[in-house]
Amino acid sequence: MAQWLPMNPYQSQASTDKRTLREQVDALLPNWQSWYPSLFDAAHDLGLLRARVCDLSSLVLSKRHASIYNDAVQAFREQWSVEEPETQADSARQSGDDDAHQPHDTLF
């Protein structure tokens, strides 16, 4: 599976172009509508968009947004002074109980 990334061959990768894709294509080929059926086709031919092959698992939204979710959970815990939930084994060792199989209420 390929992922399309904006690339401008006339600029270094360190600097980012704040112009829209349409503005970039217009600057390089002012009359592109007479040559190309779509902005995407013109940008691809001009080298503004290039495909990069990536692992399919990186496209799964749950994996891509896991760090955002973890940051949100951490911010919630900090804001409301919530401690990390204990695992069942940890709470059983601390209390000395044998009912580690009993479910515990957790925030998340």
Side-chain angles (χ1 to χ4, degrees):
M1 177 131 236
Q3 178 181 12
W4 291 97
L5 301 173
M7 300 288 288
N8 189 337
Y10 305 106
Q11 261 188 332
S12 68
Q13 293 225 345
S15 65
T16 57
D17 195 351
K18 300 293 183 189
R19 298 180 298 166
T20 65
L21 186 61
R22 181 177 297 275
E23 291 169 342
Q24 292 177 48
V25 170
D26 283 337
L28 294 172
L29 188 62
N31 199 15
W32 64 267
Q33 290 96 341
S34 63
W35 293 90
Y36 293 97
S38 72
L39 177 64
F40 178 83
D41 291 328
H44 180 258
D45 280 357
L46 292 170
L48 296 174
L49 294 176
R50 294 186 186 169
R52 180 180 72 180
V53 177
C54 60
D55 185 25
L56 286 177
S57 65
S58 69
L59 300 176
V60 177
L61 286 179
S62 61
K63 289 184 180 183
R64 290 172 61 191
H65 298 294
S67 65
I68 294 170
Y69 173 79
N70 291 337
D71 291 343
V73 168
Q74 183 62 34
F76 174 84
R77 288 183 176 143
E78 289 172 5
Q79 179 180 357
W80 298 103
S81 302
V82 176
E83 294 180 11
E84 290 284 329
E86 296 178 0
T87 62
Q88 291 180 358
D90 290 342
S91 61
R93 275 196 302 265
Q94 288 176 356
S95 65
D97 293 338
D98 288 332
D99 24 31
H101 63 279
Q102 294 294 327
H104 296 283
D105 293 332
T106 59
L107 181 60
F108 291 98

Visitor: State, yes or no, whether a side-chain contact exists between L49 and L21 at a heavy-atom distance under 4.5 Å.
Guide: yes
Visitor: Would you give the length of the straight line joining atom CG of L39 to atom CG of L46, rounded to the nearest 0.5 angstrom?
Guide: 9.5 Å
Visitor: Identify the two heavy atoms, one from R77 and one from E83, that lie closest to each other, and give their separation to 0.1 Å.
Guide: NE-O, 4.5 Å
Visitor: How close do A42 and W32 get, heavy atom to heavy atom, and via which atoms?
Guide: CB-CE3, 4.0 Å
Visitor: How long is the span from the CD atom in E23 to the NZ atom in K18, to the nearest 0.5 Å?
Guide: 13.0 Å
Visitor: Check Y36 against L29 and note the closest heavy-atom contact, atom names and distance.
Guide: CE1-CD2, 3.7 Å
Visitor: Looking only at heavy atoms, what is the nearest atom pair of D41 and P37, with distance?
Guide: OD2-CG, 3.2 Å
Visitor: Distance from W35 atom CH2 to D45 atom CG, nearest 0.5 Å?
Guide: 11.5 Å
Visitor: Please give me the minimum heavy-atom distance between R19 and Q24, naming the atom from each residue.
Guide: O-NE2, 3.1 Å
Visitor: State plainly whether one hydrophobic cluster holds both I68 and F76, where clusters connect Ile, Leu, Val, Met, Phe, Trp and Tyr through side-chain heavy atoms under 4.5 angstrom apart.
Guide: no
